[in-house]
Number of protein chains: 2
Amino acid sequence: MTTIKDVARMSGVSISTVSRVINDSKPVSPEVRKRVLEVIEETGYRPNEVARSLVTRRSYLIGVIVNDLSNSYIAEMVKGIEEVGRMYNYDILLCGSYYDREAQMNHLSLLNRKQAEGIILIGYHFDDELIEAVKKNTKHSMYFTRDIKNDTIDHISINSFLASAEMTKYLIGEGHSRIAFLSDFGESSTHEHDKIKGYKEMLKENNINFSKVYVAEGRRYNDGYAMATEVIKDLGNVTAVFCTNDELAIGLINHLFDDGYKVPDDISVVGYGDYKESQHVRPTLTTISEPFYDVGAVTVRTLIKKIEGDKSARTTIELPYCFMERNSVKNLN
Amino acid sequence: MTTIKDVARMSGVSISTVSRVINDSKPVSPEVRKRVLEVIEETGYRPNEVARSLVTRRSYLIGVIVNDLSNSYIAEMVKGIEEVGRMYNYDILLCGSYYDREAQMNHLSLLNRKQAEGIILIGYHFDDELIEAVKKNTKHSMYFTRDIKNDTIDHISINSFLASAEMTKYLIGEGHSRIAFLSDFGESSTHEHDKIKGYKEMLKENNINFSKVYVAEGRRYNDGYAMATEVIKDLGNVTAVFCTNDELAIGLINHLFDDGYKVPDDISVVGYGDYKESQHVRPTLTTISEPFYDVGAVTVRTLIKKIEGDKSARTTIELPYCFMERNSVKNLN
DNA sequence: TTGAAAGCGCTACCAA
DNA sequence: TTGGTAGCGCTTTCAA
């Protein structure tokens with residue numbers, strides 16, 4: 001590996017001068033600059049960023065701790081983070097923790113030792129202990145979550161209360177008055193709590209007494225599939241099911257289909273999240289789209305502002321959702 | 001930030017000794033060790049990995065250059081890379097290049113300057129120029145591709161010729177003799193070429209004269225959806241369509257469904273890739289599963305072996321595929 | 001405009 | 001078992 005020393009020697013100048021031409025930090029005479037540049041070209045010299053980091057105390061490294069990269073919405077966020085981070089010359093060190101607290105702690109420690117300048121946490125829920133550790137060890141951090149019981153850390157989120165209310169309102173507008181909500185784990189998280197609240201309040205606002213919350217075993221396709229047996233029992237009594245996420249909705253629709261029921265003729269189903277699949281199911285799924293790429297982009301942008309000392313950077317941000325009308329709802333009017 | 005110097009001063013020993021207890025590199029008397037450890041605990045001292053890297057000349061950094069992180073199979077590979085890499089104490093620096101050659105070159109240069117110890121390229125196709133640059137600038141690299149016209153770089157792949165032949169054989173076994181192949185861009189890539197070859201050779205082997213290759217505009221859902229008009233014209237003449245990827249297959253199936261045709265009753269459809277959606281379509285899609293998590297895991301494992309000087313590490317690896325029989329094929333026997 | 005030299009935080013060698 | 005010290009590759013004063 002060629003070093004700055006080699007370049008200096010070969011071009012007959014001091015390493016200070018070489019440093020100056022590399023960084024354009026101080027005036028260098030044209031002839032000297034030219035000579036140095038030639039040597040750099042010849043040797044293929046590239047400055048060692050590790051050494052540079054050591055002296056400048058800057059790593060341009062942003063750590064991303066993520067629970068599960070195989071969720072497509074998380075991958076989309078990471079994409080936003082990576083792309084925008086790179087625009088500002090920051091690199092992304094990816095850490096997958098798979099819901100393991102110990103792993104999260106290890107990653108945090110590692111990122112600190114690697115001199116990461118900021119940390120982004122992505123996930124529905126992280127442990128308070130972790131959040132405390134992040135606040136304590138890291139200068140700058142951002143947190144994407146739906147479970148905001150902890151307002152002491154800067155975060156970005158989407159207003160799921162409003163989104164849920166809007167979806168419910170749409171269903172009512174289509175003439176539905178017997179609407180059920182299919183939840184993943186009940187009201188165990190703030191996020192889910194907000195959605196159910198949005199659903200119930202909109203019902204109340206429209207003087208609808210009927211409400212019903214199904215609670216599935218989990219949040220995956222299979223859980224939705226399994227819940228269909230419950231839904232089928234209520235057929236006729238319930239005319240629409242609002243699922244807390246698209247995967248659940250697709251599982252439900254498929255089971256309904258497999259048992260010979262038709263969506264939306266026999267029952268309407270809507271989802272939340274606008275997963276890619278939602279356009280591919282039959283019927284296509286009416287849902288709420290959340291701008292995950294943008295969430296990632298805004299998150300990293302904000303973090304970088306903080307890193308670079310912008311005091312005006314907003315620290316809690318709410319991004320808008322988008323209502324996607326497709327074909328899984330029957331108009332009862 | 002506490003440094004090794006501070007710890008040394010506060011515990012009344014030399015920095016050499018502190019270094020020894022941190023790294024367990026040389027014997028230290030129990031009392032001294034205890035004292036140092038206490039100071040470390042108190043101060044929350046964490047060794048600066050940047051400084052460490054500079055002197056040890058090791059970064060434990062693996063760069064991953066990936067075209068598009070939003071492909072779920074790529075995300076799955078990255079997951080495998082990350083998880084296994086971490087087991088061996090390596091970190092992953094993620095670089096998304098979105099098919100932009102200049103970006104790829106920049107990433108490569110950056111990774112070199114950051115002293116990355118190895119590089120993994122993931123994508124269907126990378127430019128020869130890039131591959132040359134990787135070989136020239138980087139000590140160790142691995143390349144995941146289907147388009148292996150360049151055998152001079154270590155790579156990992158999956159034998160799509162065999163996979164395609166097996167799928168064709170299965171169709172024949174189910175009594176189909178008028179089987180079409182739905183390709184994405186025709187034989188433009190080695191990968192696609194291999195698949196079509198597998199399809200045709202298996203046909204020939206079974207003395208079937210009929211063969212037909214549809215070429216779609218691209219490889220996405222919409223392209224498959226659009227191709228359905230062609231397929232519908234051939235209904236009756238063609239009894240099964242082998243799609244080069246699941247997304248195409250799902251698009252095709254959906255259009256067929258939208259036009260009132262039934263799969264597999266009116267026509268059988270199979271895919272390739274085992275995308276997550278393939279279990280959610282109706283009918284569920286018979287396809288070929290490729291072990292992307294494993295691909296990532298094996299890739300990074302091999303790279304690390306090379307980094308750590310294991311001469312016996314195999315440099316070109318072929319991973320097995322897996323045939324997934326589901327419900328999109330009608331038995332004609 | 002240039003060079004010499006200090007020092008970033010650490011490891012590893014040599015002596016004691 | 002310990003401490004002193006050179007040096008990793010670079011940036012950045014300070015003087016010239």
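For the numbers below, each heavy atom of this structure counts, side chains included, while hydrogens, waters and symmetry mates do not. In what follows, chains carry the letters A, B, and so on, assigned in the order in which the sequence lines appear, proteins first and then strands, with residues in each chain numbered from 1.
- OP1 or OP2 of C:dT11 sits under 4.0 Å from a side-chain N or O of B:Arg52.
- Judged by distance alone, with hydrogens and angles left aside, B:Ser25 brings no side-chain donor or acceptor close enough to the base of C:dA12 to form a pair under 3.5 Å.
- Between A:Ala116 and A:Ser59, the closest heavy-atom pair is CA-OG, 3.8 Å.
- The bend of the helix from C:dT1-D:dA16 to C:dA16-D:dT1, defined by the angle between the axes of its first five and last five pairs, stands at 40° to the nearest 10°.
- Across the protein-nucleic acid pair, A:Glu49 atom CD and C:dC8 atom C1' stand 15 Å apart, rounded to whole Å.
- Spacing between atom NZ of A:Lys34 and atom C1' of C:dT1 amounts to 18 Å, rounded to whole angstrom units.
- Nearest to the side-chain atoms of A:Val28 among the listed nucleotides C:dA5, C:dT2, C:dC10 stands C:dT2.
- Between C:dT11 and B:Ser19, a contact under 4.0 Å exists linking OP1 or OP2 to a side-chain N or O.
- Taking the charged nitrogens against the carboxylate oxygens, A:Arg33 and A:Asp24 do have a contact shorter than 4.0 Å, which makes a salt bridge.
- Atom CG of B:Leu54 is separated from atom P of C:dA12 by 13 Å (rounded to the nearest Å).
- Neither side chain, B:Ser16 nor B:Ser19, offers a donor N or O lying under 3.5 Å from an acceptor on the other.
- Residue side chain A:Arg20 reaches the base of C:dG3 through a donor-acceptor N/O pair under 3.5 Å, judged by distance alone.
- Read 5' to 3', the first and last nucleotides of DNA chain D with an atom closer than 4.0 Å to a heavy atom of chain B are D:dT1 to D:dG9.
- In this structure, B:Ile22 reaches neither bases nor backbone, as no heavy-atom distance under 4.0 Å exists between it and the strands shown.
- By the 4.0 Å N-to-carboxylate-O rule, B:Arg52 lies close enough to B:Glu49 to be salt-bridged with it.
- Within 4.0 Å of B:Lys5, counting heavy atoms only, lie sugar-phosphate atoms of the nucleic acid but no base atom.
- For the pair A:Glu117 and A:Arg58, the salt-bridge criterion is met [side-chain N within less than 4.0 Å of a carboxylate O].
- Atom CZ in A:Arg9 sits roughly 19 Å away from atom C1' in C:dT2 (whole-Å rounding).
- A salt bridge does not link A:Asp128 to A:Lys135: none of the charged side-chain nitrogens sits closer than 4.0 Å to a carboxylate oxygen.
- Ring pair A:Phe292/A:Tyr73 is tilted by interplanar angle, where 30° to 60° counts as tilted.
- With rounding to whole Å, B:Ile4 atom CD1 is found 16 Å from C:dG7 atom C1'.
- Comparing C:dT11, C:dC10, C:dA4 against the side chain of B:Asn23 picks out C:dT11 as the nearest.
- The residue B:Val50 sits apart from the nucleic acid: no heavy atom pair falls under 4.0 Å.
- Across the protein-nucleic acid pair, A:Asn48 atom CG and C:dC8 atom C1' stand 13 Å apart, rounded to whole Å.
- No salt bridge links A:Glu38 with A:Arg35; every basic N to acidic carboxylate O contact stays at or beyond 4.0 Å.
- Residues passing the ring pair (Phe, Tyr, Trp, His ring centres under 6.0 Å) test with B:Tyr90 are B:Tyr60, sequence neighbours excluded.
- Counting to the nearest Å, the C1' atom of C:dG3 and the CD1 atom of A:Ile15 are 10 Å from each other.
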